[in-house]
A.B. asks: 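Below is one structure. I have some questions about it.
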Amino acid sequence: MAAPIMRVERIADYVGQEVTVQGWLYNKTDKGRLYFLLVRDGTGIVQCVVSMRDVPPETFEAARRVTQESSLIVTGTVRQDARAPGVPGGYEIAAREIHIVQLAQDYPIGPKEHGVEFLLDHRHLWLRSSRQWAIQRIRATVIRAIRDWLDGQGFLNVDTPLLTGTAAEGTTTLFPVDYFGERLYLAQTGQLYNEANIFAFGRVYCFGPAFRAERSKTRRHLLEFWMVEPEMAFCTFEEMLEIAEQLVSYVVARVLEERRNELRVLERNTAPLEKVTPPFPRISYDEAVRLLNEWAEEATDPEQKAALRIEWGDDFGAPHETALSLHFEKPVFVTHYPAVVKAFYMQPDPQRPEVVRCADLLAPEGYGEIIGGSERIADYDLLLQRIREHNLPVEEYQWYLDLRRYGSVPHSGFGLGIERTVAWICHLDHIREAIAFPRMLYRYRP
RNA sequence: UCCCCGGUAGCUCAACAGGCAGAGCAGCCGGCUGUUAACCGGCGGGUUGGAGGUUCGAGUCCUCCCCGGGGAGCCA
């Protein structure tokens, strides 16, 4: 009977059995009459031991010939051995038969260090390395967890268009797309459509890519990134914060539960992640400004001093967010920003109309904003007034204004950036590793 | 768009104040039965991003261009 095909992540279930592994050679150690082959199959990495004494000559010859990243099929017996490296590790295969499917020649990425430019040029191959493998596996769990939690809380997934007919979204730069001479744009948010959808479905979320044609060149920006945007009818600002902190906490817990091996590959210290449980601290914009200026006073470095100082009414820059984010052990909500720095649709605070009922969630460890959200203006007249104040084309917003004419309700929503969340959970230096094929300024291929 | 940094062997980098362009890794050959990015010995490997200039002499200094990286603004 042929040996069953084993997925390496399930190796613990096969101890003592003969199995077949289909994969690629990750690394090889040549000890003369003994070879250690590290074989990865997409689910993990297993060490295959090939001893001259124990295998037929053709198997030993295959182990000698096989090169890094060659595809191969190995059959042998699984045994437990604490010395065996790999993921999960602690198990190895005593090989009996090796079939080389294709012999790779001169694989460009070696086990030693490489520069960013070289790795990005070889992104199609870089994805095979264990760090990148671990990150993408965690990303998949983050996405799965988001969907599971929202679906379980009565949210309906209703996706929104990626092509829009007008530049009405206003805020940042849109990618124009030519459609037989007509100008369309790639969506940078599904929020306005989400607001229509809640009146049909109550609680909804859209999940998809967003496009921002910014000439940003930082470790936090992509031209194309993925975002989940929940939107809730009959939901106040405070209720929205609770939903957001529940969702983020659930996602982190799922990764801790299901991706231990991957976090270990990344050498991620999990202690800060274990602390991510509700409730998250909430501070007002006013308080944040006060704190930042206090830290600016205390700072000895004049550059740091200048970077932290802030006037009430200014929006936070990256140094401000980083400082705030480092100050708290959990993600922190910064709420009630001045209306002037925020989007036109945000609901003013009834007690203080100069600020809006909005929140940014800053991830800890200096990672900065992962969520932006707000209660939306429910009143027709106020919304119309804001559209005019922002010099937006009123005619393009007729359908959006309609939502305030036919059964308007208090409602709120937020957007969670997938890559920023993955970058934080994986403790990455740069957001480019959080997506398989990043799109950045001057980086469109492969 | 602006500010800063970089481009030397397949890869990662060195080369004092302008004076023979070098090392590790990878590759190939040989050795080794428990390696964890193995180790030991040997071998091959160069239009120093491009163009121009200064100089007896330029990887090194100057000008322009090209290509990257980091940051700012903006934001997820």
Side-chain angles (χ1 to χ4, degrees), chain A residues 26-38 45 47-55 60 63 67-69 81-87 89-90 92 94 104-122 129-131 169 171-173 188-191 207-229 244 303 306-307 314-322 341-343 360-363 367-373 414-424 429-432 434-435 440-443:
Chain A
Y26 191 61
N27 204 359
K28 174 163 84 171
T29 304
D30 174 357
K31 290 283 295 177
R33 280 174 219 141
L34 175 67
Y35 283 100
F36 295 104
L37 307 183
L38 276 181
I45 302 177
Q47 170 164 281
C48 300
V49 184
V50 189
S51 149
M52 188 186 238
R53 206 172 52 200
D54 302 336
V55 302
F60 193 77
T67 53
Q68 190 190 2
E69 287 306 321
D81 190 320
R83 293 170 295 182
V87 183
E92 62 186 16
Q105 298 291 342
D106 303 318
Y107 184 71
I109 301 179
K112 292 276 180 173
E113 282 172 30
H114 296 284
V116 171
E117 183 177 5
F118 178 81
L119 289 171
L120 284 173
D121 285 343
H122 295 84
S129 64
S130 58
R131 267 187 70 82
E169 286 162 9
T171 54
T172 27
T173 329
Q188 54 179 1
T189 168
Q191 187 206 312
F207 199 134
F211 304 90
R212 308 244 169 123
E214 296 160 348
R215 290 175 90 75
S216 301
K217 215 180 162 185
T218 82
R219 69 184 66 197
R220 292 181 305 278
H221 288 88
L222 294 167
L223 303 184
E224 177 185 311
F225 65 98
W226 286 66
M227 184 159 65
V228 60
E229 294 177 274
E303 229 170 272
D314 291 342
D315 203 355
F316 297 138
H320 302 117
E321 285 192 357
T322 305
V341 302
K342 287 293 180 180
D360 285 355
L361 182 67
L362 308 182
Y367 276 88
E369 185 177 353
I370 56 170
I371 281 181
F414 62 90
L416 169 71
I418 302 303
E419 288 79 11
R420 285 190 182 177
T421 302
V422 171
W424 159 53
D429 292 334
H430 199 295
I431 197 169
R432 62 184 160 227
I435 186 166
M440 298 176 294
L441 184 62
Y442 308 131
R443 278 278 170 203

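In what follows, chains carry the letters A, B, and so on, assigned in the order in which the sequence lines appear, proteins first and then strands, with residues in each chain numbered from 1. Worth knowing before you read on, the calculation uses all heavy atoms, side chains too, and leaves out hydrogens, waters and symmetry mates. Note that the structure is predicted; figures quoted are calculated from it, not measured.
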A.B. asks: Who passes side chain to side chain donor-acceptor pair (under 3.5 Å) against Gln68(A), sequence neighbours left out?
C.D. replies: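 Gln68(A): no side chain to side chain donor-acceptor pair (under 3.5 Å) contacts found.
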A.B. asks: Taking only the side-chain nitrogens and oxygens of Arg215(A), find out if one of them lies under 4.0 Å from OP1 or OP2 of rU1(B).
C.D. replies: yes
A.B. asks: Only one of Ile371(A), Thr421(A), Leu416(A) forms a side chain to side chain contact (heavy atoms under 4.5 Å, CB included) with Leu361(A), so which one is it?
C.D. replies: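 So, applying the side chain to side chain contact (heavy atoms under 4.5 Å, CB included) to Leu361(A) and each of Ile371(A), Thr421(A), Leu416(A), only Ile371(A) qualifies.
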A.B. asks: Taking only residues two or more places apart in sequence, or in another chain, which ones meet Arg131(A) in a salt bridge (charged side-chain N to carboxylate O under 4.0 Å, His left out)?
C.D. replies: Glu433(A)
A.B. asks: Does Arg420(A) make a side-chain N or O approach to OP1 or OP2 of rA76(B) shorter than 4.0 Å?
C.D. replies: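 Arg420(A) to rA76(B) OP1/OP2: no side-chain N or O under 4.0 Å.
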A.B. asks: Between rG70(B), rA76(B), rU33(B), which one does the side chain of Ser51(A) approach most closely?
C.D. replies: rU33(B)
A.B. asks: For His122(A), what residues pass the ring-ring contact (aromatic ring centres under 6.0 Å, His included) criterion, not counting sequence neighbours?
C.D. replies: Phe118(A)
A.B. asks: Heavy atoms from C-beta onward define the side chain here; which of rA76(B), rG70(B), rU33(B) lies closest to that of Arg33(A)?
C.D. replies: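 Side chain of Arg33(A) sits closest to rU33(B).
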A.B. asks: In whole angstrom, give the distance that lies between atom OH of Tyr26(A) and atom C1' of rA37(B).
C.D. replies: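 About 9 Å, once rounded to whole Å.
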A.B. asks: What are the two closest non-hydrogen atoms of Ala84(A) and Glu92(A), and how far apart are they?
C.D. replies: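 Shortest heavy-atom contact: CB-OE1, 3.7 Å.
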A.B. asks: Base, sugar-phosphate, or nothing: which does Asp81(A) touch, judged by heavy atoms less than 4.0 Å apart?
C.D. replies: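 Asp81(A): base contact, heavy atoms under 4.0 Å.
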A.B. asks: Between rG34(B), rA76(B), rU33(B), which nucleotide gets closest to the side-chain atoms of Arg53(A)?
C.D. replies: rU33(B)
A.B. asks: By salt bridge (charged side-chain N to carboxylate O under 4.0 Å, His left out), which residues pair with Asp81(A), not counting sequence neighbours?
C.D. replies: Arg83(A)
A.B. asks: Using the closest heavy atom to pick a nucleotide of RNA chain B for each, name whichever of Phe316(A) or His430(A) lands nearer the 5' end.
C.D. replies: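 On the 5' side of the pair lies His430(A).
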A.B. asks: Establish, with yes or no, whether the OP1 or OP2 oxygen of rG69(B) is under 4.0 angstrom from a side-chain nitrogen or oxygen of Arg443(A).
C.D. replies: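 Yes, Arg443(A) has a side-chain N/O under 4.0 Å of OP1/OP2 on rG69(B).
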A.B. asks: Map every base of RNA chain B to its dot-bracket character, where paired means a Watson-Crick or G-U wobble contact with both distances under 3.5 Å and | marks a partner outside the strand.
C.D. replies: (((((((..((((.....[..)))).(((((.......))))).....(((((..]....))))))))))))....
A.B. asks: Counting only side-chain heavy atoms from C-beta out, which of rU35(B), rA76(B), rC75(B) sits nearest to Ile431(A)?
C.D. replies: rA76(B)
A.B. asks: Return the nearest nucleotide to the side chain of Ala318(A); candidates are rU35(B), rA72(B), rA76(B).
C.D. replies: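 Side chain of Ala318(A) sits closest to rA72(B).
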A.B. asks: With heavy atoms under 4.0 Å as the rule, sort Leu222(A) into base, sugar-phosphate or nothing.
C.D. replies: base
A.B. asks: Does Thr322(A) have any side chain to side chain contact (heavy atoms under 4.5 Å, CB included) partners at least two apart in sequence or in another chain, and if so, which?
C.D. replies: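 Counting only residues at least two positions away or on another chain, Thr322(A) forms a side chain to side chain contact (heavy atoms under 4.5 Å, CB included) with Leu326(A).
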A.B. asks: Nearest to the Leu34(A) side chain among rU33(B), rA37(B), rC74(B), which nucleotide is it?
C.D. replies: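 Closest of the options to the side chain of Leu34(A): rU33(B).
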A.B. asks: Answer with yes or no whether Thr29(A) presents, from its side chain, a donor or acceptor under 3.5 Å of a partner atom in the base of rG34(B).
C.D. replies: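 In this structure, the two groups form no donor-acceptor pair.
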A.B. asks: Output the distance between atom CD (Glu419(A)) and atom CZ (Arg220(A)), rounded to the nearest 0.5 Å.
C.D. replies: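 Reported value, rounded in 0.5 Å steps: 14.5 Å.
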A.B. asks: Do the side chains of Arg212(A) and Phe225(A) get nearer than 4.5 Å, heavy atoms only?
C.D. replies: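 They are in side-chain contact.
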A.B. asks: Could you work out which one of rU35(B), rG27(B), rC74(B) sits closest to the side chain of Asp106(A)?
C.D. replies: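 Given the options rU35(B), rG27(B), rC74(B), the side chain of Asp106(A) is closest to rG27(B).
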A.B. asks: Determine whether a donor-acceptor pair (one donor, one acceptor, N or O, separation below 3.5 Å) exists between the side chain of Asp30(A) and the base of rC32(B).
C.D. replies: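 Under the 3.5 Å cut-off, the side chain and the base do form a donor-acceptor pair.
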A.B. asks: Think Arg212(A) has a side-chain N or O under 4.0 angstrom from the OP1 or OP2 of rG73(B)?
C.D. replies: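 Indeed not, no polar side-chain atom of Arg212(A) lies that close.
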A.B. asks: Can you tabulate the close N/O pairs, meaning under 3.5 Å, that link protein atoms to atoms of nucleotides 10-15 of chain B?
C.D. replies:
from	atom 1	to	atom 2	distance (Å)
rC11(B)	O2'	Glu113(A)	O	3.2
rC11(B)	O2'	His114(A)	ND1	2.6
rU12(B)	OP1	Gly115(A)	N	2.9
rU12(B)	O4'	Glu113(A)	O	3.4

A.B. asks: Got a sec, which residues hit side chain to side chain donor-acceptor pair (under 3.5 Å) with Arg443(A), two or more places apart in sequence or on another chain?
C.D. replies: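 Listed in chain order: Asp121(A).
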A.B. asks: Below the 4.0 Å mark, does rC75(B) have OP1 or OP2 next to a side-chain nitrogen or oxygen of Arg220(A)?
C.D. replies: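 Checking rC75(B) against Arg220(A), no side-chain N or O comes under 4.0 Å of OP1 or OP2.
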A.B. asks: Identify which nucleotide among rA72(B), rU33(B), rG34(B) has an atom closest to any side-chain atom of Glu92(A), counting heavy atoms from C-beta outward.
C.D. replies: rG34(B)
A.B. asks: Ignoring the backbone of Phe36(A), work out which of rA76(B), rG69(B), rG34(B) is nearest its side chain.
C.D. replies: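 Given the options rA76(B), rG69(B), rG34(B), the side chain of Phe36(A) is closest to rG34(B).
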A.B. asks: Check side chain to side chain contact (heavy atoms under 4.5 Å, CB included) between Ala63(A) and all other residues, then give those that pass, not counting sequence neighbours.
C.D. replies: Tyr35(A), Leu37(A), Val50(A), Ile98(A)
A.B. asks: For nucleotides 43-49 of chain B, which of its nitrogen or oxygen atoms have a protein nitrogen or oxygen under 3.5 Å away, and what is each distance?
C.D. replies:
none

A.B. asks: Taking only the side-chain heavy atoms of Leu120(A) (C-beta and beyond), determine which of rG34(B), rC75(B), rG69(B) contains the nearest atom.
C.D. replies: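 Of rG34(B), rC75(B), rG69(B), rG69(B) is nearest to the side chain of Leu120(A).
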A.B. asks: How is Gln47(A) classified with respect to the nucleic acid when contacts are heavy atoms under 4.0 Å: base, sugar-phosphate, or nothing?
C.D. replies: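 Base contact.
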A.B. asks: For Ser129(A), enumerate each residue passing the side chain to side chain donor-acceptor pair (under 3.5 Å) test, keeping only those at least two apart in sequence or located in another chain.
C.D. replies: none
A.B. asks: Output yes if the stacking criterion (under 5.5 Å between centres, under 30° between planes) is met for Tyr442(A) over the base of rG68(B), else no.
C.D. replies: no
A.B. asks: Could you tell me which residues satisfy side chain to side chain donor-acceptor pair (under 3.5 Å) with Tyr26(A), sequence neighbours excluded, listed by chain and number?
C.D. replies: Ser130(A)
A.B. asks: Rounded to the nearest Å, what distance is computed from the CG atom of residue Leu441(A) to the P atom of nucleotide rC67(B)?
C.D. replies: 11 Å
